[in-house]
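A quick write-up on the structure given underneath.
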Amino acid sequence: TEAHAALRESLDIARELNDSRSVGIALNALAVNARDLGELEQSQALFEESISLWRRMGDRVLVARSLSNLANLAKLSKQYARARALYKECRSIFHELGDGTGAAWAHNHEGDVAYEQGDNEDARGLYEESLKLFRELGDKWGVAGCLIDLGNLRRDEGDLRRAVSAVAQ
């Protein structure tokens with residue numbers, strides 16, 4: 001595609017300039033593009049290459065963001081154990097960096113994986129922790145998303161009264 005060609009050219013130029021940061025950004029963008037085209041193996045390899053680069057550069061923020069992207073890909077590929085491990089790692093980094101929003105979303109996405117696996121107890125705990133963090137941050141969008149997740153979980157468990165209550169909040 002034209003997007004792929006432009007991103008590949010960007011990567012080539014960044015490498016020619018020996019600009020590691022731009023190389024990492026281009027790798028991540030190529031990985032997202034590959035994922036969106038359904039080229040999941042290529043996407044995984046590109047995300048992993050960008051993570052390796054960010055680690056060598058010591059850029060913890062970009063390591064965490066790229067780990068989150070790779071975790072999302074693992075979830076999409078139904079590699080649930082890997083997705084959960086990656087979310088845990090990026091969540092830990094986000095906490096270390098004081099990035100409450102990143103940590104809250106990592107909790108929430110890991111909750112989605114637990115839910116997909118039928119592990120409602122873990123999903124509930126992760127959603128509730130995410131909800132707590134979003135409330136502390138005053139992030140109403142995050143709160144709303146968590147309440148929907150908790151409502152859906154409770155609905156699936158047959159607790160319709162609490163499901164309606166969660167979503168209505």
For this session: Walk me through it: do Q117 and R84 pass the test side chain to side chain contact (heavy atoms under 4.5 Å, CB included)?
Result: CA-CA 11 Å; Q117 291 179 297; R84 289 188 74 174; 3.2 Å; yes
For this session: Nearest 0.5 Å please: distance from the CZ atom of R15 over to the OG atom of S20.
Result: 10.0 Å
For this session: Kindly check if the number of other-residue, nucleotide or ligand heavy atoms within 6.0 Å of CD (E96) is above 12?
Result: yes
Problem set entry | pair L62-R21: side-chain heavy atoms closer than 4.5 Å | yes
For this session: Would you give the length of the straight line joining atom CZ of R65 to atom SG of C90, rounded to the nearest 0.5 angstrom?
Result: 11.5 Å
Exercise. Under the side chain to side chain contact (heavy atoms under 4.5 Å, CB included) criterion, do Q44 and L40 qualify, and how do the steps go?
Worked result: CA-CA 6 Å; Q44 178 177 325; L40 304 185; over 6 Å; no
Problem set entry | Taking every non-hydrogen atom, the tightest pair across G24 and S50 | O-CB, 3.9 Å
Exercise. Can you check side chain to side chain contact (heavy atoms under 4.5 Å, CB included) on V32 and F47, steps first, answer last?
Worked result: CA-CA 8 Å; V32 170; F47 279 134; 3.9 Å; yes
For this session: Nearest 0.5 Å please: distance from the CD1 atom of I25 over to the CG atom of D19.
Result: 8.0 Å
Problem set entry | Any L11 side-chain heavy atom under 4.5 Å of V23 side chain | yes
Exercise. For the atom pair CZ (R55) and CZ (R60), what is the distance rounded to the nearest 0.5 Å?
Worked result: 7.5 Å
Exercise. Can you check whether H109 reaches R91 side chain to side chain, under 4.5 Å on heavy atoms?
Worked result: no
Problem set entry | From OG (S92) to NE2 (H95), nearest 0.5 Å | 8.0 Å
For this session: Check whether any side-chain heavy atom of L126 lies under 4.5 Å from a side-chain heavy atom of N108, and answer yes or no.
Result: no
Exercise. When hydrophobic residues are tied together by side-chain contacts of less than 4.5 Å, even through go-betweens, does L153 share a cluster with Y87?
Worked result: no
For this session: Consider only side-chain heavy atoms of I, L, V, M, F, W and Y, link residues closer than 4.5 Å, and tell whether L67 and M57 are in one cluster.
Result: yes
Exercise. Is L73 linked to I93 within one hydrophobic cluster, defined over Ile, Leu, Val, Met, Phe, Trp and Tyr using a side-chain heavy-atom separation of less than 4.5 Å?
Worked result: yes
Exercise. Out of curiosity, does L97 fall in the hydrophobic cluster containing W54 (side-chain heavy atoms, cut-off under 4.5 Å, transitive links)?
Worked result: yes
Exercise. Is there a side-chain contact between E110 and E129, using heavy atoms and a 4.5 Å cut-off?
Worked result: no
Problem set entry | Heavy-atom pair of closest approach, residues S130 and A104 | OG-O, 2.9 Å
Exercise. Has E136 got more than 12 heavy atoms of other residues, nucleotides or ligands less than 6.0 Å from its CD?
Worked result: yes
Exercise. In Å, rounded to the nearest 0.5 Å, how long is the span from CD1 of I148 to CZ of R155?
Worked result: 11.0 Å
Problem set entry | F94: which of T101, D99, V61 passes side chain to side chain contact (heavy atoms under 4.5 Å, CB included) | D99
Problem set entry | Heavy-atom check, side chain of Y127 versus side chain of D112, under 4.5 Å | yes
Problem set entry | R135 and L131, any side-chain heavy atoms less than 4.5 Å apart | yes
Exercise. For the hydrophobic clusters of this structure (ILVMFWY residues joined by side-chain heavy atoms under 4.5 Å, transitively), does one cluster hold both L70 and Y80?
Worked result: no
Problem set entry | Nearest heavy-atom neighbours spanning A26 and L7 | CB-O, 4.4 Å
Problem set entry | Which atom of A123 lies closest to which atom of G111, heavy atoms considered | CB-O, 3.5 Å
Exercise. So L30 and E49, side chain to side chain contact (heavy atoms under 4.5 Å, CB included) or not? Walk me through it.
Worked result: CA-CA 11 Å; L30 277 163; E49 188 177 350; over 6 Å; no
Problem set entry | Side chain to side chain, L86 and Q79, heavy atoms closer than 4.5 Å | no
